[in-house]
Structures are given as C-alpha cells and as structure tokens.
Amino acid sequence: MASVGPSAASTQPALPSGPAVFKTIPYAFILPEIICGTWVWILVAATSVSLPLLQGWVMYVSLTSCLISLLLLLSYLLGFHRNSENWKVLDSLYHGATAILYMSAAVLQANATINSEFSANAPLNYQLNSAASFFAFLTTFLYILHAFSIYYQ
C-alpha cells in the first residue's frame, strides 16, 4: 500500500546543479558576491594604501572570500554536493560568517576612506576608497541576503 503523505525527501527543495545555479535564489547571489568582492579588492589595491593594517584586512577578507565563493560556485556547477543537506548547512554557515567578516572590513574601509580625505593625493585616493567602501557594504549585504535566504528556504 502506498503512503498517503509526501515523503520527507520530496518536501525539501533539491540543491541546484549546473546552469540552474544562476536561476535559483539564494545561489544566484554567489556570482554578484564574487564580482563585487573583486571590485573591493581591485579598488583598495589601486589606492596608495596609507593604513596597511586597516586596508590589509579589507584586502584579505575580500580576496579570501572571493576565492572560497568561487570554489563554492564551481562545486555547485559541477554537482559535488550530490543533493546533500549538509551542503545547505555549510553554505549558510559560510555566508553568515563571511557576512560578519565583510561587515568588519567594510567599516574599516569606511574609516580608511575618511582618513584618506586629507592625504597628499586626496581626490583620487578618496574617490577610490569611497568606491571600495560602497562595494564592501554592497558585498556585505549580498552575503547577508544569501545567508538568510538559505536559512528561510
């Protein structure tokens, strides 16, 4: 006799693989996270890093999270997850922790932007630091959105 109710496996949405990753929320946020994070790294690297302790952390967070997010995206594209529920937990924990790290980096970058306003090469460095701050906060928002979208999925 067949069971009347849906099984537990059919109520859980399947993890996307291949091109479906780019069409499924929250996994569609991975590519914008990588792009915006890369912009943070490029813009900070283009400035004369006057505060190496602050902006060094910003570059470390942006580069490390870009690389890990790229590996995560490739693993989804290639289907390494094999539809395991553990991948959802891993993805949520990674994006939640990275959102916290990116928030600290964005605040430090905003501080570096304020400090660069009166430096020797003020207009160019200030504009580059302002753009880096904008992308850092945007990337933080994307990581937060991704983490909460998985949690509430």
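In what follows, residues are counted from 1 in the order of the sequence shown. When reading the values below, keep in mind they use all heavy atoms of this one structure, side chains included, and skip hydrogens, waters and symmetry mates.
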*asked:* Checking Trp41 against Cys66 for the side chain to side chain contact (heavy atoms under 4.5 Å, CB included) test, could you report, in this order, the C-alpha distance in whole Å, the side-chain angles of both residues, the deciding distance, and whether it holds?
replied: CA-CA 9 Å; Trp41 182 74; Cys66 277; 5.9 Å; no
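- A continuous path of hydrophobic side-chain contacts links Tyr76 to Leu67 [ILVMFWY only; heavy atoms under 4.5 Å].
- Atom-to-atom distance recorded for Ile144:CD1 and Tyr102:OH is 12.5 Å, nearest 0.5 angstrom.
- Both Leu78 and Leu90 belong to a common hydrophobic cluster when Ile, Leu, Val, Met, Phe, Trp and Tyr are linked at side-chain heavy-atom distances under 4.5 angstrom.
- Contact check for Leu138 versus Trp39: no side-chain heavy atoms found under the 4.5 Å cut-off.
- Side chains of Asn125 and Ser116: a donor-acceptor N/O pair is absent below 3.5 angstrom, by distance only.
- Separation of atoms CD (Gln109) and OG1 (Thr47) is listed at 7.0 Å; rounding is to 0.5 Å.
- The side-chain heavy atoms of Leu108 and Gln55, taken from C-beta on, include no pair separated by under 4.5 Å.
- What you find for Ala132 and Val44 is that their closest heavy atoms are CB-CG2, 3.8 Å.
- In this structure, Thr38 OG1 and Ile34 CD1 are separated by 7.0 Å, a value rounded to the nearest 0.5 Å.
- In the hydrophobic cluster analysis, where Ile, Leu, Val, Met, Phe, Trp and Tyr join through side-chain heavy atoms closer than 4.5 angstrom, Tyr60 is grouped together with Leu63.
- A heavy-atom distance below 4.5 Å is not found between the side chains of Leu53 and Trp57.
- Rounding to the nearest 0.5 angstrom, the gap separating the CD1 atom in Ile30 from the CG atom in Leu74 is 10.0 Å.
- Side-chain heavy atoms closer than 4.5 Å link hydrophobic residues (I, L, V, M, F, W, Y) into clusters, and following such links, even through other members, never connects Val107 to Val61.
- Phe137 is not connected to Ile114 by any chain of hydrophobic side-chain contacts under 4.5 Å among Ile, Leu, Val, Met, Phe, Trp and Tyr, and they are in different clusters.
- Between Val40 and Ala136, the shortest heavy-atom contact is CG2-N, 3.4 Å.
- Within a 6.0 Å radius of CZ in Phe141, no more than 12 heavy atoms belonging to other residues, nucleotides or ligands are found.
- Inspection of the Thr113 and Ser133 side chains reveals an N or O donor paired with an N or O acceptor under 3.5 Å.
- Put simply, the side chain of Ser104 gets close to the backbone of Leu101: a donor and an acceptor are under 3.5 Å apart.
- Distance check: Glu33 CD to Thr140 OG1 gives 10.5 Å after rounding to the nearest 0.5 Å.
- Donor-acceptor pairing under 3.5 Å is lacking for the side chains of Tyr94 and Ser65.
- Residue Gly37 comes nearest to Ser62 through the heavy atom pair O-CB, 3.7 Å, listed as atom of the first residue, atom of the second, then distance.
- Put simply, the residue from Leu73, Leu77, Leu71, Leu72 that forms a side chain to side chain contact (heavy atoms under 4.5 Å, CB included) with Ser75 is Leu72.
- What you find for Leu128 and Ala46 is that their closest heavy atoms are CD1-O, 3.7 Å.
- At a threshold of 4.5 Å between non-hydrogen side-chain atoms, the residues Lys88 and Asp91 do not count as touching.
- Atoms CG and CE, from Leu43 and Met59 in turn, are 10.5 Å apart once rounded to the nearest 0.5 Å.
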